[in-house]
Structures are given as C-alpha cells and as structure tokens.
S.K.: 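Have a look at this one before I ask anything.
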Amino acid sequence: MNQYPNLFSPIKIGKTTVKNRIFMPPISTNLADKGYITDDLIRHYTARAKGGVGLIVTEVTTVEPVYTYLPGDMSICDDSYIPGWKKLADSVHQYGTKILPQLFHPAYMAFNIPGTPRFIAPSNVGSPYAKEAPRAVTVEELKVIIRQFGEAAGRVQKAGADGVEIHAAHAHGLLGGFLSPLYNKRTDEYGGDLDGRLRLTLEVIREVRKVCGDDFIIDVRISGDEYTDGGQNLNDAVYVAKQLEKAGADFLHVSGGTTIMRGSSIPAPGTPMGSHVKMAEEIKKHVSIPVATVGRITEPWIAEELIANGRADICMIGRANLCDSEFANKAERGEVESIRPCIGCLRCLNGIMFGNRVSCTVNPSLEKDNEDTIEEAEVKKNILVIGGGPAGMEAAFVARKRGHHVVLCEKEEKLGGLVSLAAVPIAKQDLTKVIKYMAGKLQKAGVEVRLNCTVTEEMLKTEFKDYEVIAGTGASPVVIRAFTEFKQWMTADDILAGKAFPGRKVVIIGGGAVGCETADYLAPLVNDLFPRNREIIILEMLPGVMLNETGPGRSLLVKRMMSKGVQMICSAKVERVEKDKIYYSWKGQEYCIDDADSLVFATGYRADPQLEETLKACGMNYHLVGDAAKLGNIKDAVACGYQVAKDL
C-alpha cells in the first residue's frame, strides 16, 4: 500500500493531467552552452523524470538575447533554440513527466558580462551589489518585452513542452521587480499602487495565452510575502493571486522572500521544512486554481502532510530531487531509508555565480557516470578502508559496488568521523541523516565493517598484507602549544564530543565555521543577562568571521550569535597566554582578558602523517582520501572517496 496517497494522486492543471504532486522547481545548473540545451542538461532533467517527478520547471530560460542571468543558463529567445528544447521535452515525456521552462527577464539582476548595456529596471533602484544604478525601462520597451515573452512561449509550444512558468517572485528580475514596492517607484500606469505594479505581469500572461491558446499550462511564481519592511506582503499576494487567476494562470507557485535578503527565499539548513507554506495555505483559500508550495521540502512525509492537510495542492521539491534523482520513485515504493538525504547546505548552488556546474555534498555523482551506473572492475581486489568518515564510507561503498571485497576498519565505536561532531551544533541535525544513510548503504552492499578496530602495523603485515588500502583517517584539531599554559584549555571538537565542558566565560580562538558553530552551541539561548549565562568571545585574525562561507546558513548563524551576545573580535591576534590571562592585539593596541574560565582552540585541522608512514614502511599499495589527502569540507571528502574508489 502506498503510504503517501495524496502525494501520488494525479492533479488537473488547466487541461493537462499531471501524474503526481511532486513537482521540481527551477534550480540553476550551468549545464547549458550559450543558452543552448546540451546533452548534459537533457541527462540531468531526464534522470529526474525517470525518477518519478510529475512536472519539472526548468531553471531560468531567458526570453531575449541582450541580458544574461548566468553564463550557463538556458534561452529560448529565437527559433535556433527550438531543436534542443524538442530533444529535452521528448526525453522527459517518455517517462510521463511534464516540463515547463521558467521564462525570465533578468533586468537589473543580470550577469555583468563585458559589453552588456546598462541594466534596466522598473525604476533606478537596483541590486545593492551592482556597480551602477539601472535605468528605468520605458513603456515602449515594455511593449517589446511583453511580445518577447509571448514569442518565447510560442517556441516552447512548438518544441512540445507543456507550458511555461512566468517568474514574478522574490523581487527578482523584471517582473518580480515590477511587483515589488522595493524596486518599483514608477508613477505611470506600471507603478504607484498594486494594480499598477501588477500590470506588466498580467499583460505577459495575456500575451502568452493569446499566442499559445488554452491547452497550454501557464504557471506564475510569486512571493506570498517578501518578509521585509517596505516589501510585498501576504495581503498584497492574496489580491495578486486572484488577478493572476482571472488573467489566465493555471496554477500558482507560491514562494517567499527576496533574493537579496539572504535566507528568505531559499531557506538555510536547519530551518523548518515547508518554509513558505503559510503563504500558500492562505492564498489557496482565495483561488480555485491549484497552489504549489516550496521551500525545504526534503522528506516525503512532510510533502504528504502539506497536501493531506489541505495546505497546498502541490509540493515543489527541488534540492531533494537534485540530491537523489529517484526521490519520487523511492517514496512511492516506500523505500524511504534509501533516499539520499538532502542536508539543505546549498553547496549545490555555491559555485553557480562563478560559472561552476551544479553539484551536491551528499551526491558526488551528478554526472553521466554515477553510483547507479558504475561498472564492475575487470580485476577484483581485496580492499582495506581505514577510517569510517564520509570519505572512507563512500570509498568502501563504491569499491564494493565495483565487485571488490571490502573491509572497513574504524577505530571509534561508531561510523561518521568528524561529521558526528559537525552534527552537534544548532541547525546541523541533518548531518546525522547522512551518517545513517551511508552506514545503511554499506550494510546493504555487504561491506564488512569493524568498529573499535585500530589497524596496526602487525595487521597490515599479516591479515591485510595482500590488500590495497584506502586511508581516510581524517584530521585532528590544531592545538597551539604555546597557548596551552592557560588553566583550562580544550578544542572545539572536545566540546562537541562531550569530552570537555567549559566554564562560564569562554574565549574561542578562531572565527571560522567550527569556532562560530561552537560559540553558537555554547552561548545562552536567550540573551537576558541571566547570572548563569555563558559569556562567549571569539578572537579571529581575519577581518571577518566565516569568510569562506557564503550561504544563508552563515547569515542565520551570525545573526544568532549577535542576538545571543557573542562578541566577535576580528582582525585580532592572540599574542601570548599565561595561566590566567589571554593577551591579544587589535588595531595596534594590546588587550588582556583576565577573567576567562576556558580557552577553546578552533584553529583548523592537521592530517596525521603517521599512518601514511606506516603504510609506506609496510610496502602497501595505498590511496589517501578525505582530509588525509587534502583538508576540505564534507562535499570534498565524499567526492574524493567516490573518485578514488571508482578508479581502482
């Protein structure tokens, strides 16, 4: 029996029936080539169609040739793009999945490619990251743009796609900007009140309907609330939704926030699933067309609940379908434990602005060759994997899939390595799902796992003498020995592992991710000057904290620390430490903290060379993976383990 009957029930969108309520929202991939659809792009979307998704909304597809949103995004601005779209639509349709491009004009959010003319916008208000203010688009230009949207939709229809999504959300791009009072300061017929701001989107819908007829899906993406002073709110959105329905929209894709307010439109890891559902739920009460919700819907149960409880008609599930292309099929079969868990880290999009291809922390194989298609090795080997962190677990799994006999030895009592500690701080709980999933894969694949097992030189010379070794022994925290004179010192790892317990006033050396997450973990949940609250001070040498992180998770973490009263002293260098005193320099002056109870090291990690030296001494054929090879994050570790084992 299907445990998600609502999620896997069909739904009528206009005149089209979609097989289930799992839709995939737009996620940029950078897989297009100058706007043209590539074989990689077709493989990417086809894998999700094969995986059971009911309807796919592709990434941004530009309707005109002048402004580029991202270098690797798609276009449909002239007839030369139609053949690629036909190949994509035909490929997706073979699995009964519908497909819509997200039609978009980037306007003031365009990519600043050399030679691009001055950006246009509703008014001379642009992105805070732009180098100059945009110019206000003229009414005559808007007439051309409206026609371009219609022509683009007509090409999509000729290619055999099922409809289009019109992007008017997030105060983003031309239509989103016109809807938002944050960007639209016009006083003509396209500005002023809400009807004026909405006019452009309504005219685009009517043009698309005129060109494409009734048997063609028109979906409009809107923000139910921009979550910011001066922005569009839920009252506005309810009215907007009614007008969109009257204009001919077949369903509404209700998101929220803006792209500029970090973490508002794309929710950060650790935040509640179904982040925008309150907006969809209210809008659904006032329209008769289907309403989709979106935002960190990463597990089947929450999608089923949202639909069963009448809060939405459709769930847009993006990152989870990116992480596991078989998400829908596995959910329908009840194989929830085998769904690769999305942790919401957003590393999938971190490099998009720099031209990098889409990627995933937990799924190292978004390319043509992947875990599912990997072939057995011609020569079967005995493989010893030392270390049960993410790199070691991934390497052991892939090696076993290739037909090798694999033994994994982990010195601790459980698998996970440093990921077990990384899961301890606030909003990092999802990392426990990664360990559980990877451990389950090892068991299912038949990997022999030995816990509480330290591999000795004697074992290498005897039991494992004919084995090829993959060493993923991780790294250890750096401890600055000159500063260990302090009365109570410990590492951040000691705290997260429960091996040490700091006092009331804590100084943390290092304001990277580990130092900040540990500070957040230790700081009082309520900054109310309660006598037993801890006081936390971070001393960071660089001019800012967490400078290597850019996602919304960083923003929320920094804001939490600020609200809790964590002191972040940047451009500060610890000069010396005595038993009861910590001296640091800041802006050319020296300061002393003489009332701290504990000193915490969050000063990075260092791989231990001892195992490699032992492997060399024993004459073993070995490979280093994860932090043992090169210090990095979880994504780096998993990818390294995958690649090494794939090439054995």
S.K.: Is there a side chain to side chain contact (heavy atoms under 4.5 Å, CB included) between T484 and V479 once you walk through the steps?
M.R.: CA-CA 8 Å; T484 58; V479 174; 3.6 Å; yes
S.K.: For residues K564 and A523, report the shortest heavy-atom separation together with the two atoms involved.
M.R.: CD-CB, 3.7 Å
S.K.: Kindly determine whether K441 and E337 satisfy salt bridge (charged side-chain N to carboxylate O under 4.0 Å, His left out), including the steps that lead there.
M.R.: CA-CA 10 Å; K441 282 203 307 183; E337 292 295 321; over 6 Å; no
S.K.: Between the main-chain N or O of G632 and the side-chain N or O of D627, is there a donor-acceptor pair closer than 3.5 Å?
M.R.: yes
S.K.: Hey, does F327 have a side-chain heavy atom less than 4.5 Å from the side chain of P300?
M.R.: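 Result yes, sub-4.5 Å side-chain heavy-atom pair found.
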S.K.: Please check if the distance between the ring centroids of F483 and W489 is under 6.0 Å.
M.R.: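 Judged by ring-centre distance (under 6.0 Å), F483 and W489 do not meet the cut-off.
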S.K.: Is the number of heavy atoms from other residues, nucleotides or ligands under 6.0 Å of R450 CZ greater than 12?
M.R.: yes
S.K.: Do the charged groups of E326 and R340 touch, with an N to O distance under 4.0 Å?
M.R.: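 Salt bridge between E326 and R340, a charged N being under 4.0 Å from a carboxylate O: no.
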S.K.: Which is it for S9 and N20 under the side chain to side chain contact (heavy atoms under 4.5 Å, CB included) test, yes or no, and what are the steps along the way?
M.R.: CA-CA 5 Å; S9 62; N20 62 43; over 6 Å; no
S.K.: Around atom CG of N548, are there more than 12 heavy atoms from other residues, nucleotides or ligands closer than 6.0 Å?
M.R.: no
S.K.: Any non-hydrogen side-chain atom of M74 less than 4.5 Å from a side-chain atom of P101?
M.R.: no
S.K.: Charged N to carboxylate O under 4.0 angstrom, E335 versus K444?
M.R.: no
S.K.: Could you check E468, H404, H405 and say which one makes a side-chain hydrogen bond (donor to acceptor under 3.5 Å, both in side chains) with K381?
M.R.: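 It is E468, the one option of E468, H404, H405 that forms the side-chain hydrogen bond (donor to acceptor under 3.5 Å, both in side chains) with K381.
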S.K.: Do the rings of F8 and Y4 sit parallel, tilted or perpendicular, given the 30° and 60° boundaries?
M.R.: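 Because their plane-to-plane angle lies in the 30° to 60° range, the rings of F8 and Y4 count as tilted.
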S.K.: Testing the basics here: between D430 and C342, what is the closest heavy-atom pair and its distance to 0.1 Å?
M.R.: OD2-O, 4.2 Å
S.K.: Between the side chains of E332 and K19, is the shortest nitrogen-to-carboxylate-oxygen separation below 4.0 Å, so that they form an ion pair?
M.R.: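 A salt bridge is absent here (no side-chain N lies under 4.0 Å from a carboxylate O).
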S.K.: Strictly below 4.0 Å, N to O, side chains only: are D493 and K499 in salt-bridge contact?
M.R.: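 Salt bridge flag = no for K499 with D493.
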S.K.: Identify the heavy atoms of L7 and E304 that sit nearest to each other, and give their distance.
M.R.: N-OE1, 2.9 Å
S.K.: Kindly indicate whether the side chain of S598, heavy atoms from C-beta on, has any atom under 4.5 Å from the side chain of M490.
M.R.: yes
S.K.: Please lay out, stage by stage, how D90 and K87 fare under the test salt bridge (charged side-chain N to carboxylate O under 4.0 Å, His left out).
M.R.: CA-CA 5 Å; D90 289 347; K87 286 177 66 177; over 6 Å; no
S.K.: If only atom types and distance count, is the side chain of T38 paired as donor or acceptor with the main-chain N or O of D33 below 3.5 Å?
M.R.: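 No, the answer is negative, given that no donor and acceptor are paired below the 3.5 Å cut-off.
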S.K.: Of all heavy-atom pairs between I42 and I37, which one has the smallest distance, and what is that distance?
M.R.: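 Closest approach of I42 to I37, heavy atoms only: CG1-CG2, 3.6 Å.
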S.K.: Verify the neighbour count for atom CD of Q94: are there more than 12 heavy atoms of other residues, nucleotides or ligands below 6.0 Å?
M.R.: yes
S.K.: With no hydrogens and no angle check, do the side chains of E457 and T614 hold a donor and an acceptor under 3.5 Å apart?
M.R.: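 No donor-acceptor contact under 3.5 Å links the two side chains.
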S.K.: Do the charged groups of D520 and K428 touch, with an N to O distance under 4.0 Å?
M.R.: no
S.K.: Do you know the tightest heavy-atom contact between I339 and A331?
M.R.: CD1-N, 4.2 Å
S.K.: Hey, does K646 have a side-chain heavy atom less than 4.5 Å from the side chain of P364?
M.R.: no
S.K.: Quick one: does K630's side chain get under 4.5 Å of C640's, heavy atoms only?
M.R.: no
S.K.: How about Y36: does its OH atom have over 12 heavy atoms from other parts shown lying under 6.0 Å from it?
M.R.: yes
S.K.: Sequence neighbours left out, what passes ring-ring contact (aromatic ring centres under 6.0 Å, His included) with Y69? Give chain and number order.
M.R.: F104, H172
S.K.: State, yes or no, whether a side-chain contact exists between S420 and I435 at a heavy-atom distance under 4.5 Å.
M.R.: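 Yes, at least one pair of side-chain atoms sits under 4.5 Å.
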S.K.: Is the closest side-chain heavy-atom distance between V514 and Y605 below 4.5 Å?
M.R.: yes
S.K.: Evaluate the side-chain proximity of N321 to I22: yes if any heavy-atom separation is below 4.5 Å, no if none is.
M.R.: yes
S.K.: Between S275 and R296, which heavy-atom pair has the shortest distance, and what is it?
M.R.: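 In this case the closest contact between S275 and R296 is OG-N, 4.5 Å.
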S.K.: Could you tell me whether E517 and R554 have a side-chain N and a carboxylate O separated by less than 4.0 Å?
M.R.: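 Here E517 does not pair with R554 in a salt bridge, since their nearest N and O are not under 4.0 Å apart.
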